[in-house]
Each structure stands twice: as C-alpha cells, then as structure tokens.
Asks: 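Starting off with a structure, shown below.
In what follows, chains are A, B, ... by sequence order, proteins preceding strands, each numbered from 1.
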Number of protein chains: 2
Amino acid sequence: MTFMPDGNSNSKNVKTLKIVQSEVQSTNKIALSVDCVIFGFDENKLKVLLIRSDMKKFQSKWSLLGDLVKPEEDIDSAAYRILKQRTGLDHLYLEQVHTFGSINRHPGGRVVSVAYYSLINIQHHKLKILDNELHWHDVDSVTDLAFDHQEIFDTCYTRLQKRVQEHPLGFSLLPNKFSLRELQNLYEAILGVKLDRRNFRKKFFAMDFLIDLDEIEENVPHRPGKLYKFNYSKYEKRNKKWIGIDF
Amino acid sequence: MTFMPDGNSNSKNVKTLKIVQSEVQSTNKIALSVDCVIFGFDENKLKVLLIRSDMKKFQSKWSLLGDLVKPEEDIDSAAYRILKQRTGLDHLYLEQVHTFGSINRHPGGRVVSVAYYSLINIQHHKLKILDNELHWHDVDSVTDLAFDHQEIFDTCYTRLQKRVQEHPLGFSLLPNKFSLRELQNLYEAILGVKLDRRNFRKKFFAMDFLIDLDEIEENVPHRPGKLYKFNYSKYEKRNKKWIGIDF
DNA sequence: CTGCAAATGTGTAAAATTTACACAAAGTAG
DNA sequence: CTACTTTGTGTAAATTTTACACATTTGCAG
C-alpha cells in the first residue's frame, strides 16, 4: 500500500455533488439486476441452483438466477421475488454480498448486478418453472459460468464459508429437526474439511443453543441419533463482543 | 427462521429471466451512485469526513461524500474518483460494503447507492474542494446524517471494526513509520476498547509482520518508542486457513 | 545536575481453550 | 445371535490467552 500525495487532482472538473431530480431521471444508461446464489444441502453435499444461460454468447454455460430490479421494487425484494418464483419458499435466509458493476460484464448493455446468496432446505421445496434445465449442482463442479457469474459464485461461496463459522446460518440448510451428525456433515461440506466428531459435539453443546427434542432419527440402518433444533431466540439475546486481533 | 413450503407461488407472472438489449436500455428509472465513508485517524481518535448536505430537505445535516456513477465508469472507479477529488490521494484502501436501494431513500428519485469505506492517512493529505464545510468529525459524534447516510455509516463502521481484527487494514490509517503505542491507540480507537499493552505487543510480535526500522520516535516528551512498518509482502505469502466455529 | 513525570520494554504463572484420541452401547440386517 | 455401523461419552497434553509489575529511557523543571 503506497501513498501518493497529489496536489494536482482535477479539482476543476468537480461539480457540486448534489443529485437533483432532473439528473436522476436523465441517467438512463445503467440497469440494475440481482443475481442469487441459492445453496442447498443434499446427500451430504453442498449444492447450488443453476440454469442454462439463454444468451447465445454463453450457449451451454450455466448461470445464476437473476432478474432486473423493477423501478418500484426494493433490491432485497427483487431477490426474494426470484427465490419465491423458483423455489416456492418464503422467509428464506438471504444475504447481500457484493455489487458487480464492471462496464462490460453484460453483453446486453450496462447492467450492474447486486449479488445475494440464499440458503434453502432442499427437502422443504419443489422447484418451480423448470425451464432451461434448472437444477441443483454440486458446488465442487461449478466452473466456467456465464457472464461474470463464476466470480459472483466464488465470492458468495467464500462469504458463506466465513459466515457460517460465526453465525448460525447453517441450520437454514437442514431440516427443522436434525442430528448432530447431519450438522457436522453440513459443516464439513461447506468448509471442505474433516472435523473431529467428539470435539465438534463438545463445541456445539458448550454454545448451548441446541434444544434436545427427545426424539431420535428414524429409518437409519444403525443406532439412531438424537434430534435437535436450534434455539434462535436464545441466540438473539446473547451479546458476545469479540475482540481477537489475528491475521 | 421459519419455513413455509408454498405450492401457490405466482408462477404465472414469471417471464423468462433473460435480459435483452432493449430491456436494458428501456430501464431508465434507477440511478446509481456511490457513497464513501472516509475514515482518518488523528490525535488518537477515529474520524470521518463529512460535508453539509445541499438538499433543502436535509438542511443543516451532515452527509457522506458521494456522486452518481457515470454511464461508462466502473463502480469502484467512481468511488476512487470521489476520494481523489476530495483528498488528492491515490491508491487508497477502499472496500465495497453494501448496496442501499430502498425505494424512497433519496428524495430526488430512485437512486441506488453502493457504499464504500476508505482509510486514509490524515498526515499525508490536504483536503480539496472545501465547499459545504467539508471536514473531519469524530466518529463518536456522528448522528442523524442526511438521507439514509446514518445507516450507511453505521454499516461501514461495523464492517471496519470486524475487518480490522482479521486483516491488516489499520496501517493505512497510520504514518508509514509508527510506534507500537500508535498502533495500539489505533485499535483502541477503532474498537472502542482498552487493550493490555504487554499482550498487544506480544500478539503483534508473534504474528511477525512488523519490520523493526531501527529508528525511534522524535519530539515526544518521554522515552521514545521504536518505529516499525508493516511487512505486506510477507503477509501476502502467508496462507492461513482458519476453522473456528463460534457464534 | 538532579529529580520528577511519562511512557517504553520485558516475562511469568494461572486459567482457559483446543486438540488428539478409544471404547462401550444401541440399533439394523442377515 | 452375530456382524456391522454409528452414537455417545471423558481425559490428558498442548496451546493460547489473560492478568499483572518493575526497571529503563527520555524530556523537562528547578
């Protein structure tokens, strides 16, 4: 990181940075879209929902689900709209990640796209509008997406990996009732690591946010595990302030 | 977090989610801007650069520095442009944080704004274009900004607090050569906590990214401290992968 | 020159956390 | 009833974090 004090900045070109009505309405060159990285978890693999691009330039490439934001629509609402259209589900975990606005990212013109990721419980949904081969892909096999969607996907996946370690997101990918084994499989799939079973359990029990449902798994060909759910309301009340400088 | 499997989604209203040229160019209702939260560090206080809003509706309120993104300009470039205009500095630390797009966030029309924060070394710059009372404010005293700028500011400040603990950003706020005391003051100011001096030193020396310059402070009315700089190139080569689930 | 004020520089012991690791019990399938 | 698979559990060692005190260096006032 370097510093270049520069007395020669182009001060003359600066207009007052006020945005007035006329200016807003005449700015008609930038379109706004949202793209959603929709994650699911099935058969111990982390999945992402993709669709075939229907732009010729990207024929045969997969792409994320997205759409233009409507003029009278909040950005978050646009993302929810896409999720609902495709999965039929409401009230999903949804997090804005980054806005991608390279000038030439979209061949159809200047389109700035706000990227979100969402976590859905694969058992609880049925895909809607099955056009363009909409379906779930293993995250490991996601390469060479259309547009700049590979970069968007990578950014969102990295964010998820970070975030899931610090916040109780992961439960959104699981059934309401889950075993500790399922929870561990989830973390292993998201983070791409193997974890020690005893230490994993110890850690979660120590956090004390799991509610023991006094139920056990059914239809497993071995000793069934106990089922738990996550105690969101207890979690909300916690106020941990974490100071731990470390690069 | 609840789940509402919903077979009744409005599938009929869905059009194919392709964005075609005509559509992009006819979407002329959304303007795109950037807003910058510019942080500085002076006299052991974290500061932010604000300007008086020149919209009547917000008279006398402070606001962030921002401008519309030009049709042929990357979003990041727009943010850099503002920084350069105002501080004369180039090559600043700049991080995109979040995009704010509530329908009515701007009285002049629909304006979606991409928020950034930047870290600058206050000694190394002179403010440019001193219109509208542009100047530095203590972050503690920042309240009731114009537009939704308070929310933007809070989001960016929170992000900085998080980020500075995990990445070597803070050095961008300090002179090239700094003492450990200055570094500790910086962290204390950003995080709003007191830290143990011996443990703070121990931690930074253990990371082993500080280069001892064999120089000492001058013009201090007490025993001078040694000066260091941060070893960015060594830091870049490190590949720490951190697994530590904890909410 | 002396003494005072202020901040630097340094180590250790206790506490807390993290890691590695093994065996008995519960269920299913044949 | 046997073999197989996975659950459920504890402890000792290693590591990391925390709390804490004193001698040293400099500037400054007298």
Side-chain angles (χ1 to χ4, degrees), chain A residues 41 43-45 164-166 174-175 177-189 191-229 238 240-247, chain B residues 41 43-45 164-166 174-175 177-189 191-229 238 240-247:
Chain A
F41 181 63
E43 292 174 331
N44 294 340
K45 301 235 182 191
V164 79
Q165 297 191 54
E166 301 176 345
L174 292 177
K177 305 173 177 187
F178 52 85
S179 68
L180 274 174
R181 172 47 111 186
E182 290 175 288
L183 187 59
Q184 183 174 344
N185 285 339
L186 175 70
Y187 273 89
E188 290 180 343
L191 300 175
V193 295
K194 283 308 251 179
L195 301 170
D196 180 272
R197 194 163 58 92
R198 274 185 288 190
N199 293 336
F200 183 86
R201 296 168 148 262
K202 207 186 313 179
K203 175 155 270 175
F204 270 93
F205 289 137
M207 288 188 212
D208 207 26
F209 291 130
L210 294 183
I211 297 171
D212 184 337
L213 295 170
D214 268 318
E215 292 177 63
I216 56 170
E217 290 179 293
E218 283 172 19
N219 304 319
V220 288
H222 55 71
R223 175 174 177 180
K226 299 178 80 172
L227 294 178
Y228 299 86
K229 66 176 182 178
R238 141 223 78 121
K240 177 185 257 185
K241 197 178 175 180
W242 221 66
I243 303 288
I245 301 161
D246 204 4
F247 321 144
Chain B
F41 181 64
E43 290 172 333
N44 293 342
K45 301 235 183 193
V164 78
Q165 297 192 55
E166 301 176 346
L174 293 176
K177 304 174 180 187
F178 51 86
S179 68
L180 273 177
R181 172 47 112 188
E182 290 175 287
L183 187 60
Q184 183 174 343
N185 285 340
L186 175 69
Y187 273 90
E188 290 180 342
L191 300 176
V193 295
K194 284 307 255 179
L195 300 171
D196 180 272
R197 194 162 58 90
R198 273 184 289 190
N199 293 337
F200 182 86
R201 296 167 149 263
K202 208 188 310 180
K203 174 155 272 172
F204 269 93
F205 288 139
M207 289 189 212
D208 207 26
F209 291 131
L210 294 182
I211 297 171
D212 183 338
L213 294 170
D214 269 318
E215 294 178 61
I216 57 171
E217 291 178 293
E218 281 171 20
N219 304 322
V220 286
H222 55 73
R223 176 174 174 179
K226 299 178 78 170
L227 295 176
Y228 298 86
K229 65 176 182 178
R238 140 225 80 121
K240 177 185 260 185
K241 195 179 177 180
W242 223 62
I243 305 288
I245 300 161
D246 206 5
F247 317 148

Asks: Find the distance A:Phe200:CZ to D:dT9:P and express it as a whole number of Å.
Replies: 15 Å
Asks: Roughly how many Å is it from CG in A:Asp196 to P in D:dT7, rounded to a whole number?
Replies: 13 Å
Asks: To the nearest Å, give me how far apart CG (A:Asn199) and P (D:dA13) are.
Replies: 16 Å
Asks: To the nearest Å, give me how far apart CZ (A:Phe204) and C1' (D:dG8) are.
Replies: 17 Å
Asks: How are the rings of B:Phe209 and A:Phe247 set relative to one another: parallel (under 30°), tilted (30 to 60°) or perpendicular (over 60°)?
Replies: parallel
Asks: From CZ of A:Phe205 over to P of D:dG8, roughly how many Å is that when rounded to an integer?
Replies: 7 Å
Asks: Residues two or more places apart in sequence or in another chain: which of them pass side chain to side chain contact (heavy atoms under 4.5 Å, CB included) with B:Arg197?
Replies: B:Arg181, B:Gln184, B:Arg201
Asks: Which whole-number value in Å describes the distance from B:Ile216 CD1 to D:dG27 C1'?
Replies: 12 Å
Asks: Any non-hydrogen side-chain atom of B:Lys177 less than 4.5 Å from a side-chain atom of B:Glu215?
Replies: yes
Asks: Between B:Lys203 and A:Asp246, is there a salt bridge with N-O shorter than 4.0 Å?
Replies: no
Asks: Answer yes or no: is there a side-chain heavy-atom contact under 4.5 Å between A:Leu227 and A:Asp214?
Replies: no
Asks: Any chance you could measure B:Leu183, atom CG, to B:Glu188, atom CD, to the nearest 0.5 Å?
Replies: 10.0 Å
Asks: Going 5' to 3' along DNA chain C, which are the first and last nucleotides with any atom under 4.0 Å from a heavy atom of chain A?
Replies: C:dT19 to C:dT28
Asks: Does A:Arg198 make a side-chain donor-acceptor contact with the base of D:dG8, cut-off 3.5 Å?
Replies: no
Asks: What is the distance, rounded to the nearest whole Å, between atom NZ of B:Lys226 and atom C1' of D:dT26?
Replies: 16 Å
Asks: Would you say the side chain of A:Tyr228 lies within less than 4.5 Å of the side chain of A:Leu180, judging by non-hydrogen atoms?
Replies: yes
Asks: Can you tell me whether the side chain of B:Arg223 and the base of D:dT24 have a donor-acceptor pair closer than 3.5 Å?
Replies: yes
Asks: Please compare B:Lys202 and B:Ser179 by the position of their nearest nucleotide in DNA chain C and report the one closer to 5'.
Replies: B:Ser179
Asks: Send over the distance from A:Arg181 CZ to D:dT7 C1', rounded to a whole Å.
Replies: 9 Å
